[in-house]
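In what follows, chains are A, B, ... by sequence order, proteins preceding strands, each numbered from 1.
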2 protein chains.
Amino acid sequence: MKKLAGTAAKPLTSRQLAALIGVSQSAVSRAFTPGSSIAPDLRARILSGARNYGYQPNAIASMLTTRRTNIVGIVVSDMQNPFYPTLIERLTQGLQRAGLQSLLFNISPGSSVEDQLVALRTYNVDAVVVISATVLNAKTLAWATEGRKAVLLNRLGSDDITSICCDNTDGARMIVDHLFAVGHRRIGYVAGLTKTAIGMLRYSAFSARLAELGMRLVGTASSESYSYDAGWRGALDLLPQAPDAIVFASDILALGGLDALQRVGAAGIGATGFDDIPMAAWPGYSLTTYRQPIAAIVERTVELLRRPDLGPAQLFTLKGELIIRESSQVGGMAPA
Amino acid sequence: MKKLAGTAAKPLTSRQLAALIGVSQSAVSRAFTPGSSIAPDLRARILSGARNYGYQPNAIASMLTTRRTNIVGIVVSDMQNPFYPTLIERLTQGLQRAGLQSLLFNISPGSSVEDQLVALRTYNVDAVVVISATVLNAKTLAWATEGRKAVLLNRLGSDDITSICCDNTDGARMIVDHLFAVGHRRIGYVAGLTKTAIGMLRYSAFSARLAELGMRLVGTASSESYSYDAGWRGALDLLPQAPDAIVFASDILALGGLDALQRVGAAGIGATGFDDIPMAAWPGYSLTTYRQPIAAIVERTVELLRRPDLGPAQLFTLKGELIIRESSQVGGMAPA
DNA sequence: ATCATTTTTGAATACGCATTCATAGCCTTG
DNA sequence: CAAGGCTATGAATGCGTATTCAAAAATGAT
């Protein structure tokens, strides 16, 4: 005799538990509300009774009175770049440890972005984390985050919204310095989305440092996305310029580029990425890259979202770490 | 003068809107409830007024009365295997189109799994989708899904819970048949988690078909996870057996295996995967694999979850598609 | 034109909890 | 020992919507 879904007994209410224990409903509520005025032993008695009878507060009902949901809306538009699944995984775990839930919004192109985000508003999420979603224009962003905490990750917004980014300038600089130290002089650049603030930032930091060191920017390929294919094409586009090394705006681009170089027998050209996705460490790629400080980004995000109020909008820039592997050496990934 | 977060005016309630329009609160509620008894023109007038004044029903409040949240809890324990981000992305998009929201639970090892899933219960999710989470034992699974709809993806549970899987038997068979047709005879197998039902299923279907065709299973390497590193080690373990080709239980294993073979100069050995993750198509790997029918899986899942009741537990087995690339040819990925 | 039936509407209530308000108990201090 | 100040508790109320119930309006049939 199997139990049919939906047949389960309705869960206990605080009032029922109160009756069972012989206290008031208020007492039960207070027992579960940290910092409320209740005698320690009463609280203990109630909590123990709750465990006993299997009572758990109904979060929905409490949302209605407190007007807080403890839900964070996470808005993503690209899970194909392997950097983001990792970030999302760590972020949801971090939020969860802080007692916050993650409502995931995957924006798909096509239908209206606002339509896909109405639930941010109707479900009253406390906060919104936007992960690098370039499909959100400033207006939609403002609408979606209106009246709630909002944080942008890996994206720069207007100056009235808090952003958390890795230090792109530092990253670009470390990469260039490293290439210089290794002996590369003629550098090519494969950009990601050049229309984004982050994309432009990485590029300008990169080219500025290049100039400072007197290195030569032999060419730039811009691509329409951060993808393997775009990296592949970008690398090939730069070949005629005969670069010593190619700087890719992200790891996923670099992987495509490396494969392309290999395919055309130009594996001697150096390459660097940005992010340090798991695949960058794979022996077949062994990609030198700037590792994004995921832990720090998550930590800062969670810390901000725990606050009752974010305070004035800020830009947090967190330093990453240069991971030197084989792809950037002179001779690149050429077989020994 | 920037608006501070939290300063936003409280959204309109149905009662306020009713007052503005000159109807009752019930009418407003009915206007937003499909199938409720209300005159078409009244509904139109109210909906137009709502648009006008910017009223949107408060989902939280309606959850309290209807006892339905339209929230689906998605439980994952491994986003590192690139197959899952894709699945999750498509799934949340599919759910969203059906008006369902996705609450994401990323189980991290360490603290109690139940603790990480309490919100499934306190937030009253309508349904739970468990994606291949092996960390959930049957008891915890029952607890987490008690009284709500539940679907397992890529995982087999006890027989009282609905599962949706690709057709592992068909996949194993097509792979073996293909290897046979191409001319491979001595086959090695790199298993994933052999203790899981799916893992065992794939293996037994594989070896059964092998036997039917009179091919030789020269060795099996079992690994502790579906990961690149495990595939790498598995492939190396099989080398002494001198297989013509190695069948990997998943793409991510195969990628590691291919790199290992390449590294030791054994790139002539054929290889196949399972899943068809994006990287399988990359020229550097060009992995022959069985493509999971993600669209069909998502479609079926969403269709099930829209129902008021799942009905009796079933196992849905959806056929995938053999994608033939270079890695399975005789001579494998060896340079021409 | 009248009555029976159906449809449409509004008032009232319940959902489960947090919180305010008022009270009863307790401790402190003069 | 009394008065004042605190703390711990319970009763009552409200959060915003869906739904039930009863009444009103509209429709149909004779």
Side-chain angles (χ1 to χ4, degrees), chain A residues 9-47 49-50 53-71 118-119 121-126 147 308, chain B residues 9-47 49-50 53-71 118-119 121-126 147 308:
Chain A
K10 275 204 320 192
L12 234 51
T13 71
S14 61
R15 177 155 278 122
Q16 292 173 307
L17 178 66
L20 285 170
I21 303 189
V23 298
S24 72
Q25 181 267 328
S26 327
V28 174
S29 172
R30 283 193 268 257
F32 281 90
T33 306
S36 61
S37 165
I38 185 176
D41 53 338
L42 211 211
R43 163 171 279 154
R45 190 153 63 89
I46 293 178
L47 290 182
Y53 293 104
Y55 167 79
Q56 279 175 328
N58 179 332
I60 307 290
S62 89
M63 290 177 196
L64 195 54
T65 52
T66 60
R67 310 182 151 293
R68 296 190 316 100
T69 56
N70 288 327
I71 293 178
V118 235
R121 297 169 63 101
T122 57
Y123 279 66
N124 270 307
V125 304
D126 289 341
Chain B
K10 274 206 315 194
L12 232 52
T13 71
S14 60
R15 179 154 275 121
Q16 292 174 307
L17 179 66
L20 287 170
I21 304 191
V23 299
S24 71
Q25 181 267 329
S26 328
V28 174
S29 172
R30 283 193 270 256
F32 281 90
T33 305
S36 60
S37 164
I38 186 176
D41 53 338
L42 213 211
R43 163 171 281 153
R45 190 152 64 90
I46 293 178
L47 291 182
Y53 291 105
Y55 166 79
Q56 280 176 328
N58 179 332
I60 307 291
S62 89
M63 290 177 196
L64 194 54
T65 53
T66 60
R67 310 180 153 292
R68 297 193 314 99
T69 56
N70 287 329
I71 295 178
V118 237
R121 296 169 65 99
T122 57
Y123 279 66
N124 271 308
V125 304
D126 288 341

Worksheet entry | Closest non-hydrogen atom pair, A:Arg43 against A:Ala31 | NE-O, 3.1 Å
Discussion item. I'd like to know if A:Arg67 reaches the base of D:dG16 with its side chain such that a donor and an acceptor end up less than 3.5 angstrom apart.
Written reply: no
Worksheet item: Among D:dT17, D:dT9, C:dA18, which is the nearest nucleotide to the side chain of B:Asn58?
Response: D:dT17
Discussion item. If the cut-off is 4.0 Å, is A:Ser14 near the phosphate of C:dC17, judged by side-chain N/O to OP1 or OP2?
Written reply: yes
Fill in: Protein-nucleotide distance (B:Ile38, atom CD1; D:dA26, atom C1'), rounded to Å
16 Å
Worksheet item: Under 3.5 Å, is there an N or O donor on one side and an acceptor on the other linking the side chain of A:Ser26 and the base of C:dA18?
Response: no
Fill in: Shortest side-chain distance from A:Thr65, nucleotide among D:dA8, D:dA18, C:dG16
C:dG16
Discussion item. Any side-chain N or O of A:Ser24 below 4.0 angstrom from OP1/OP2 of D:dG10?
Written reply: yes
Practice prompt. Provide, to the nearest angstrom, the distance between the CZ atom belonging to B:Arg121 and the C1' atom belonging to C:dG16.
Written response: 17 Å
Worksheet entry | Contact summary for A:Arg67 and B:Lys10, nearest pair of heavy atoms | NH2-NZ, 3.6 Å
Item to complete: Starting at atom CD1 of A:Ile60, determine the distance to atom C1' of D:dT17, rounded to an integer number of angstrom.
Response: 13 Å
Discussion item. Minimum heavy-atom separation for B:Ile46 and B:Val28, please, with both atom names.
Written reply: CD1-N, 3.9 Å
Item to complete: Report which part of the nucleic acid A:Val23 touches: base, sugar-phosphate, or nothing (heavy-atom distance under 4.0 Å, all strands).
Response: sugar-phosphate
Worksheet item: Which nucleotide in the list C:dG10, D:dG16, C:dC17 gets nearest to the side chain of A:Ala61?
Response: C:dC17
Discussion item. Please pick, from C:dC15, C:dT9, C:dC17, the nucleotide with the shortest atom-to-atom distance to any side-chain atom of A:Arg15.
Written reply: C:dC17
Fill in: Options D:dT20, D:dA18, D:dT9, nucleotide nearest the side-chain atoms of B:Gln25
D:dA18
Fill in: Integer-rounded Å distance: D:dG16 P and B:Phe32 CZ
16 Å
Worksheet item: Picking from D:dT9, C:dG10, C:dT8, which would you name as closest to the side chain of B:Arg30?
Response: C:dG10
Discussion item. Expressed as a whole number of angstroms, how long is the span from A:Lys10:NZ to C:dC17:C1'?
Written reply: 14 Å
Practice prompt. For residues A:Tyr55 and A:Leu12, report the shortest heavy-atom separation together with the two atoms involved.
Written response: CD1-O, 3.4 Å
Fill in: Distance, rounded to the nearest Å, where A:Asp41 contributes CG and D:dT7 contributes P
16 Å
Fill in: Nearest heavy atoms of B:Thr69 and A:Tyr123, plus distance in Å
O-OH, 2.8 Å
Item to complete: Just compare D:dG16, C:dT19, C:dT8 and give me whichever is closest to any side-chain atom of A:Thr66.
Response: C:dT19
Worksheet entry | Check: A:Ala59 main-chain N/O paired with B:Thr122 side-chain donor or acceptor under 3.5 Å | no
Worksheet entry | Selected nucleotide, minimal atom distance to A:Leu64 side chain, candidates D:dA18, C:dT19, C:dG16 | C:dG16
Item to complete: Ignoring backbone atoms, establish whether B:Ser29 has a side-chain N or O less than 4.0 Å from OP1 or OP2 of D:dA18.
Response: yes
Worksheet item: Which nucleotide sits closest to the side chain of B:Thr13: D:dG10, C:dA18, D:dG16?
Response: D:dG16
